[in-house]
Amino acid sequence: MSSQQAGSQQPGAGPDLDAVVIGAGFSGLYMLHRMRDVLGLKVRVYEAGDGVGGTWYWNRYPGARCDCESFYYCYSFSKELAEEWQWTSRYPEQPEILSYLEHVADRFDLRRDIQLSTRVAGATFDEAGDCWEVCTENGERITARFLISAVGCLSAANVPDFKGLDDFRGDWYHTGLWPHEGVDFSGKRVGQIGTGSTGIQAAPVIAAQAEHLTIFQRTPNFSIPARNRRFTPEKWAEIKADSRDIRRRILESAGGFPYVAVDRSAKDVSDEERRAIYEQLWEDGGFKFLWGSFNDILIDLEANDTTAEFIRGKIRETVKDPEVADLLSPTDHPYGTKRPPIDTDYYETYNRDNVTLVDVRKAPIVEFTPRGLRTESGEYELDIIVFATGFDAMTGSLLKIDIRGLGGQTLADKWADGPRTYLGLQVAGFPNLFTITGPGSPSVLVNMPVAIEQHVEWICDCIDHMRTRGLRRIEAKLDAEDEWVDHVNQVASMTLYMKANSWYVGANIPGKKRVFMPYLGGQVEYRKRCDEVASKDYAGFELRSGGSRQ
Ligand code: NAP
């Protein structure tokens, strides 16, 4: 039976599938494995790309690599998988992470239940059947008891609506939709818009190849050196020997990183001591700079200023032209309140003769022209323009799908004033829809595979609970959702995060409601709350069996 026929459900018959999963990245792959191979459910994954890998399938821009270290940016659910896979370097490049995810798909025989090149267009909850009717852009229709969003937090590319873009005679690319065959920058005049994590990774690599690179910066960012290196056999053996302890530290840390939390204030040490701590962390490189220095960086502006000033000092030391150094030094937001970029030779790139920094805060981009682009201060002739302009984060990918819950309410309407969820897992009015790393969960503030595994396992336990009790419907209660949203906001308001115009608050998308989207309580506290909810018969959720409440 074709899926198109399967969708035309006979009255009284059950849905075609137990679950439809949208997306075959880190989340979707594990969700499929867990539901199908552990719970024995009938599942189909729809994936818009021509291959698996999600973020790591799409983001093939030059210099793309993970900002988390390889040995903990990976799954932990399979001991065998962990034992057989060997990472080559501290921060894996995109092709290596993609190979890892392809290996996972093959190793667990996942591909037979993944339909590639298929974008889900809409999903409507069938109130009588307690199931979702899902339709794809290819016109397929299928029903499933559960709809699982595994669409990722940073997947909807943000291409700003620049006037005249169609007139530009050169080539332009968004980093998150990069051509598989790559882009040859040799002998080209390249423009790059955007200096977030992506632009900061891409610029040094593009500059090394292009005839000239012009970087259009609206807001400077604080970047920390990655200090990437290949693993020696000895280093890898050391990591393997320490793996149990690494896992323990990950589960005990708020961010899901294997760093030991520090319990000292930046204000309780002398200037020399503080400087020595920052210097050491700068030498070590990576995210530890944020988590491993002081406990008040993200809650106390005075403490934060010490970090910010240290980094600005490093920029001044590195960048030879003082005016360029000044332009690269952030003063508009506290360090860490935007996702901190991790780089390889970013600031050094500005010492190259073939790199120019243009301040488009002072003189914004007015329009694209056939020959390049024009800012308020002049025209720049360019052959290639790279959009490192980020994503409609956390909600963009889900809201591209026409999702309709009880009474035909659309998710877009429900979230018009910002996303509302219970635990980032469910939305009141949208029964049997689960959102892996949805807004309102720690998600992007945590080492992603850790956040993903916790969500997948919680959702699967919940579905198993329902199955063994013959329950067909689960829905977050409105009051539980309201309380959770208040809690998420309250925790955010205790920090400095609200001081930044970041994608965490949707500030990068014109017209997007300003709401702090991820949960800042940390994954330890969050996991505890989710487990408590489950142990109290899924408190805050309403569970029903065929129309009657549990
Ligand atoms: P981003 O952090 O949102 O940065 C986008 C950049 O484009 C910003 O500099 C922004 O300026 C600029 N921009 C946007 N619209 C513009 C416009 N109309 N005119 C001029 N400039 C404009 O996006 P991203 O760098 O792609 O990073 C997004 C997230 O992806 C990161 O924070 C990180 O979580 C993740 N990421 C991870 C890795 C990794 O693991 N290695 C790598 C890349 C990305 P404003 O700041 O002024 O808005």
Side-chain angles (χ1 to χ4, degrees), residues 26 54-56 58-70 72-73 90-94 96-97 152-163 165 173-178 191-203 205 214-224 226 228 255 286-287 290 328 330 332-333 336-344 346 357-368 373 375-376 385-394 396 437 443-449 451 500-512 517-518:
F26 257 105
T55 286
W56 300 105
W58 296 103
N59 283 271
R60 296 166 188 247
Y61 60 86
R65 65 170 76 237
C66 190
D67 54 8
C68 294
E69 294 171 69
S70 54
Y72 60 78
Y73 186 83
R90 188 176 177 193
Y91 300 94
E93 282 182 309
Q94 173 271 332
E96 190 174 357
I97 308 174
C153 297
L154 293 154
S155 312
N158 168 40
V159 177
D161 187 16
F162 288 117
K163 189 177 156 209
L165 183 55
Y173 308 94
H174 187 283
T175 50
L177 301 167
W178 203 256
Q192 177 186 306
I193 305 172
T195 51
S197 300
T198 300
I200 281 174
Q201 283 187 334
V205 185
T214 307
I215 299 175
F216 299 93
Q217 173 190 273
R218 192 164 64 181
T219 317
N221 243 303
F222 294 101
S223 189
I224 304 299
N228 187 38
F287 271 139
L290 179 64
L328 287 168
D332 72 312
H333 66 279
T337 54
K338 285 184 164 187
R339 168 86 170 196
I342 308 292
D343 74 272
T344 299
Y346 176 61
L357 180 64
V358 174
D359 181 1
V360 293
R361 169 78 59 201
K362 203 161 128 202
I365 296 170
V366 178
E367 61 178 355
F368 278 59
L373 65 79
T375 72
E376 282 179 6
I385 300 180
V386 174
F387 283 64
T389 44
F391 303 90
D392 184 354
M394 310 232 33
T437 62
S443 55
V444 291
L445 297 172
V446 168
N447 176 22
M448 282 306 282
N501 289 321
S502 65
W503 57 256
Y504 295 144
V505 298
N508 61 327
I509 302 297
K512 192 165 174 174
M517 293 183 284

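Keep in mind it's a predicted model, so treat the numbers as computed, not measured. Counting starts at 1 for both ligands and their atoms, following the listed order.
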Quick note on ligand 1: atoms under 4.0 Å from a heavy atom of Gly390 include exactly 3 (O), 5 (C), 23 (O), 24 (P), 26 (O)
To the nearest 0.5 Å, atom OH of Tyr504 lies from atom CZ of Arg339 at 5.5 Å
Output for pair (Asp392 CG, Ile509 CD1), nearest 0.5 Å, gives 4.5 Å
Note: Phe216, heavy atoms under 4.0 Å from ligand 1, region reported as neither
Atom 29 (C) of ligand 1 sits nearest the protein heavy atom Trp503 NE1, 3.6 Å
When distances are taken from atom 47 (O) of ligand 1, the protein heavy atom at minimum range is Thr219 OG1, 2.4 Å
Would you say Phe387 touches ligand 1, if touching means a heavy atom closer than 4.0 Å? no
Quiz prompt | Close N or O approach (Thr195, ligand 1; < 3.5 Å) | solution = yes
Phe162 heavy atoms within 4.0 Å reach ligand 1 at atoms 17 (C), 18 (N), 19 (N)
Of Gln217, Arg218, Glu93, the one whose closest heavy atom lies nearest atom 18 (N) of ligand 1 is Arg218
One should read off an interatomic distance between Thr337 OG1 and Asp332 CG, to the nearest 0.5 angstrom, of 8.0 Å
NE2 (His174) and CH2 (Trp58) are apart, to the nearest 0.5 Å, by 12.5 Å
Atoms of ligand 1 under 4.0 Å from any heavy atom of Ile193, numbered from 1 in the order shown, are 20 (C), 21 (N)
So OG1 of Thr389 and CZ of Phe216: to nearest 0.5 Å the spacing works out to 13.5 Å
| query | Are any of the N or O atoms of Thr175 closer than 3.5 Å to those of ligand 1? | reply | no
Q. Quick one: are His333 and Ser502 in side-chain contact, heavy atoms under 4.5 Å?
A. no
Note: heavy atom closest to atom 33 (C) of ligand 1, options His174, Gln94, Met448, Arg339, belongs to Arg339
query: Hey, does Trp56 come in under 3.5 Å of ligand 1, counting only N/O atoms on both sides?
result: no
query = Is Asn508 reaching over with its side chain to a backbone N or O of Phe391, donor-acceptor style, under 3.5 angstrom?
reply = yes
Less than 4.5 Å apart, any side-chain heavy atom of Val386 and any of Trp178? yes
Taking atom types as modelled, find out whether Asp343 and Ser223 have a side-chain donor-acceptor pair closer than 3.5 angstrom. yes
Note: ligand 1 atoms sitting under 4.0 Å from heavy atoms of Arg361 are 47 (O)
Note: heavy atom closest to atom 4 (O) of ligand 1, options Gly196, Ala202, Pro92, Ala157, belongs to Gly196
Separation between CG (Asn59) and CG (Leu154), nearest 0.5 Å, reads 8.5 Å
With heavy atoms and a 4.0 Å threshold, my read on which part of Pro160 contacts ligand 1 is side chain
Here the atoms of ligand 1 under 4.0 Å from any heavy atom belonging to Gly194 are 6 (C), 7 (O), 9 (O), 12 (C)
Any nitrogen or oxygen of Ala388 lying under 3.5 Å from a nitrogen or oxygen in ligand 1? Just yes or no. yes
So the atoms of ligand 1 within less than 4.0 Å of a heavy atom of Gln201 turn out to be 41 (N), 42 (C)
ask   = Non-hydrogen atoms of Val444 versus ligand 1: any pair closer than 4.0 Å?
value = no
| field | contact_flag Lys338 ligand 1 heavy-atom lt 4.0 Å | value | yes
Contact region, Arg65 to ligand 1, non-hydrogen atoms below 4.0 Å, reads backbone
The answer for which part of Tyr91 has a heavy atom under 4.0 Å from ligand 1 is neither
* Where the side chain of Glu69 meets the backbone of Arg90, is there a donor-acceptor pair that is under 3.5 Å apart? -> no
### Task
State whether the shortest distance between N or O atoms of Tyr61 and N or O atoms of ligand 1 falls below 3.5 angstrom.
no
In terms of side-chain heavy atoms, does Thr219 have a donor or acceptor partner in Arg361 at a distance below 3.5 Å?
yes
The protein heavy atom nearest to atom 24 (P) of ligand 1 is Thr198 OG1, 3.3 Å
Measure from the side-chain N and O atoms of Asn447 to the backbone N and O of Tyr72, and report whether any donor-acceptor pair falls under 3.5 Å. yes
One finds that the ligand 1 atoms under 4.0 Å from a non-hydrogen atom of Cys66 are 40 (O), 41 (N)
For atom 35 (C) of ligand 1, the closest protein heavy atom turns out to be Leu154 CD1, 3.7 Å
re atom 36 (N) of ligand 1, the protein heavy-atom contact at minimum distance is Ser197 CB, 4.0 Å
Check: Phe287 ring centroid to Tyr91 ring centroid under 6.0 Å:
no
Out of Thr375, Asp67, Ile509, the nearest non-hydrogen contact to atom 37 (C) of ligand 1 is supplied by Asp67
